[in-house]
There are 2 protein chains.
Amino acid sequence: MSLLSRSQLAEKVNVNIETLRYYERRGLIPEPQRKDSGYRQYSPDYVVRVHFIQKAKALGFTLNEIQELLSLRVNSQTSCDQVRERAELKLAEMDKKIADLQKMKNALQTLTASCHSDGPTGECPILEALESEGFTL
Amino acid sequence: MSLLSRSQLAEKVNVNIETLRYYERRGLIPEPQRKDSGYRQYSPDYVVRVHFIQKAKALGFTLNEIQELLSLRVNSQTSCDQVRERAELKLAEMDKKIADLQKMKNALQTLTASCHSDGPTGECPILEALESEGFTL
DNA sequence: GGGAACACTGTACCACGGTACAGATTGTTA
DNA sequence: TAACAATCTGTACCGTGGTACAGTGTTCCC
């Protein structure tokens with residue numbers, strides 16, 4: 001079973017100890033069980049959950065959005081159709097992010113490819129490269 | 001030519017007027033030319049540049065990282081190899097982001113696909129879906 | 001040429017996402 | 001059974017990325 005203390009979980013997922021308490025306050029992670037002393041005991045599930053939060057944050061999702069993602073489920077309050085609808089919205093967002101990243105990647109690659117022609121290049125090569133690929137909002 | 005005022009640019013790229021001044025202070029956008037009165041006049045390049053900043057922010061890059069991306073260029077200070085090296089680092093980051101987004105997408109799709117089986121699902125369907133696909137850091 | 005609308009500078013304030021105490025308990029180990 | 005570490009709660013503080021004035025000058029339009 002192996003339950004983790006606060007510092008153990010913090011080390012495992014590489015976040016500050018206090019961040020865990022903050023996430024708990026924010027409702028991003030559920031209140032863990034406690035020992036009689038009041039000490040928190042985290043199940044291994046928490047590792048996955050906090051990892052997910054960190055990942056999603058790095059991808060530009062806010063904590064509120066992450067909370068929404070984590071709570072997407074069918075229950076008596078939320079019908080299947082509602083869940084599907086929200087999920088589709090999130091999926092569309094993710095597709096957009098992927099497409100944008102792909103454009104930036106292309107621009108960077110164009111940049112490095114043209115790099116052998118040394119000497120100063122234009123004002124802002126990455127933007128030029130993006131424009132040459134039809135970068136639009 | 002059509003130079004833009006602060007409010008015109010702000011409207012065009014859909015940011016607050018003050019944000020433009022903030023980006024200028026931060027060095028994310030160069031100081032634009034001024035009229036004799038001191039009023040800023042933005043060339044159309046600024047539209048692309050601010051768009052790029054907004055995009056990159058939504059993808060989880062910090063303003064410092066964005067600044068670095070925007071200043072990637074070959075000049076007397078920076079050799080071709082150095083630029084290439086930094087660009088490769090950024091490319092790797094972007095690949096990682098894309099891969100993570102793809103995993104999340106798959107998990108969401110798994111979630112909606114299994115949705116017809118209505119009634120309450122597990123504690124956190126998206127994490128379960130991710131785990132079933134071997135989600136790791 | 002007078003008033004509304006806009007821009008200028010400087011500075012203060014704000015929300016988000018943490019991070020750091022202080023002071024009290026509990027756990028561990030020599 | 002000390003004493004040192006880890007945890008508890010509450011609260012205060014911090015960096016990032018803006019956003020909002022106040023007070024003054026400029027532009028536009030009737």
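Below, all heavy atoms of this structure are taken into account, side chains as well, without hydrogens, waters or symmetry copies. Chain letters run A, B, ... following the sequence lines, proteins first and then strands; every chain starts at 1.
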Student: Nearest-Å distance, CG (A/L20) to C1' (C/dT19)?
Tutor: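 Rounded to whole Å, this separation is 12 Å.
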Student: Look at the side-chain N and O atoms of A/R34 and state whether any lies under 4.0 Å from the OP1 or OP2 oxygen of D/dT9.
Tutor: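 The answer is yes; a side-chain N or O of A/R34 sits under 4.0 Å from OP1 or OP2.
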Student: What residues, two or more places apart in sequence or in another chain, satisfy side chain to side chain contact (heavy atoms under 4.5 Å, CB included) together with B/D45?
Tutor: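 For B/D45 the side chain to side chain contact (heavy atoms under 4.5 Å, CB included) partners, ignoring immediate neighbours, are B/S43.
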Student: Is it true that atom CD of B/E85 has more than 12 heavy atoms of other residues, nucleotides or ligands lying nearer than 6.0 Å?
Tutor: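 No, not enclosed.
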Student: List the residues meeting salt bridge (Lys or Arg N to Asp or Glu O under 4.0 Å) with B/R21, not counting sequence neighbours, and say none if there are none.
Tutor: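 With sequence neighbours excluded, B/R21 shows a salt bridge (Lys or Arg N to Asp or Glu O under 4.0 Å) to B/E18, given in chain and number order.
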Student: Round to a whole Å and report the spacing from CZ of B/R21 to C1' of C/dA7.
Tutor: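 Result: 10 Å.
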Student: Under 4.0 Å between a side-chain N or O of B/T19 and OP1 or OP2 of D/dG17?
Tutor: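 Answer no for this pair, as no side-chain N or O of B/T19 is under 4.0 Å from OP1 or OP2.
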Student: Sequence neighbours left out, what passes side chain to side chain donor-acceptor pair (under 3.5 Å) with B/Y39? Give chain and number order.
Tutor: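 If we apply the side chain to side chain donor-acceptor pair (under 3.5 Å) test to B/Y39, skipping adjacent residues, there are no hits.
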Student: By side chain to side chain donor-acceptor pair (under 3.5 Å), which residues pair with B/D95, not counting sequence neighbours?
Tutor: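 Applying side chain to side chain donor-acceptor pair (under 3.5 Å) to B/D95 gives A/K105.
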Student: Tell me whether the OP1 or OP2 atom of C/dC6 has a side-chain N or O from B/S5 closer than 4.0 Å.
Tutor: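 Negative; the distance criterion is not met.
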Student: Could you tell me how far apart B/E11 (CD) and C/dA7 (C1') are, to the nearest whole angstrom?
Tutor: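 Rounded to the whole Å, the gap is 16 Å.
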Student: Please state how far atom CG in A/N16 lies from atom P in D/dG15, giving the value in whole angstrom units.
Tutor: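 Spelled out: CG on A/N16 to P on D/dG15 is 15 Å.
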Student: Please name all residues satisfying side chain to side chain donor-acceptor pair (under 3.5 Å) with A/R40, sequence neighbours left out, ordered by chain then number.
Tutor: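 By the side chain to side chain donor-acceptor pair (under 3.5 Å) rule, A/R40 matches A/E24.
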Student: Identify whether the distance between the nearest side-chain nitrogen and carboxylate oxygen of A/E93 and A/K96 falls below 4.0 Å.
Tutor: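 No, this pair does not count.
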Student: Can you check the B/E65 CD to D/dG15 C1' distance for me, whole Å?
Tutor: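 Computing the B/E65:CD to D/dG15:C1' distance gives 15 Å.
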Student: Would you kindly check whether a donor in the side chain of A/R25 faces an acceptor in the base of D/dG10, or vice versa, at under 3.5 angstrom?
Tutor: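 Donor-acceptor pair under 3.5 Å: no.
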Student: Heavy atoms under 4.0 Å is the rule here; annotate nucleotides 24-30 of chain D 5' to 3' with B where the base is hit, S where only the sugar-phosphate is, and - elsewhere.
Tutor: -BBS---
Student: Mark yes or no: A/K97 above the aromatic ring of A/F61, with NZ or CZ under 6.0 Å from the six-membered ring centre and no more than 45 degrees from the axis.
Tutor: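 Ring-cation test returns yes.
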Student: Produce the list of close N/O pairs, under 3.5 Å, pairing protein atoms with atoms of nucleotides 15-17 of chain C; give distances to one decimal.
Tutor:
from: C/dG17; atom 1: OP1; to: A/L63; atom 2: N; distance (Å): 3.1
from: C/dG17; atom 1: OP2; to: A/R26; atom 2: NH1; distance (Å): 2.8

Student: Quick one: B/I66 CD1 to D/dT16 P, roughly how many Å, whole number?
Tutor: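 Between P of D/dT16 and CD1 of B/I66: 14 Å.
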Student: For residues 64-72 of chain B, tabulate all N or O donor-acceptor pairs below 3.5 Å that involve a side-chain atom, not counting sequence neighbours.
Tutor:
from: B/N64; atom 1: OD1; to: B/R26; atom 2: NH2; distance (Å): 3.0
from: B/E65; atom 1: OE1; to: B/T62; atom 2: N; distance (Å): 2.8
from: B/Q67; atom 1: NE2; to: B/R26; atom 2: O; distance (Å): 3.1
from: B/Q67; atom 1: NE2; to: B/G27; atom 2: O; distance (Å): 3.4
from: B/S71; atom 1: OG; to: B/Q67; atom 2: O; distance (Å): 3.0
from: B/S71; atom 1: OG; to: B/E68; atom 2: O; distance (Å): 3.2

Student: Looking at B/S7, I'd like to know whether one of its side-chain N or O atoms comes within less than 4.0 Å of OP1 or OP2 on C/dA7.
Tutor: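 Yes, B/S7 has a side-chain N/O under 4.0 Å of OP1/OP2 on C/dA7.
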Student: Would you kindly give the CG-to-P distance between A/L4 and D/dT7, to the nearest whole Å?
Tutor: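 Roughly 11 Å, once rounded to whole Å.
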Student: Just to confirm, is there a sub-4.0 Å distance from OP1 or OP2 of C/dT26 to any side-chain nitrogen or oxygen of A/R40?
Tutor: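 Answer no for this pair, as no side-chain N or O of A/R40 is under 4.0 Å from OP1 or OP2.
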Student: Closest to the B/I17 side chain: D/dC21, D/dT19, C/dA7?
Tutor: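 Among the listed nucleotides, the one closest to the side chain of B/I17 is C/dA7.
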Student: Could you tell me how far apart B/L9 (CG) and C/dA7 (P) are, to the nearest whole angstrom?
Tutor: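 Roughly 11 Å, once rounded to whole Å.
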Student: Considering residues at least two apart in sequence or located in another chain, which fulfil the side chain to side chain donor-acceptor pair (under 3.5 Å) criterion with A/T110?
Tutor: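 Partners of A/T110 under the side chain to side chain donor-acceptor pair (under 3.5 Å) test: A/E133.
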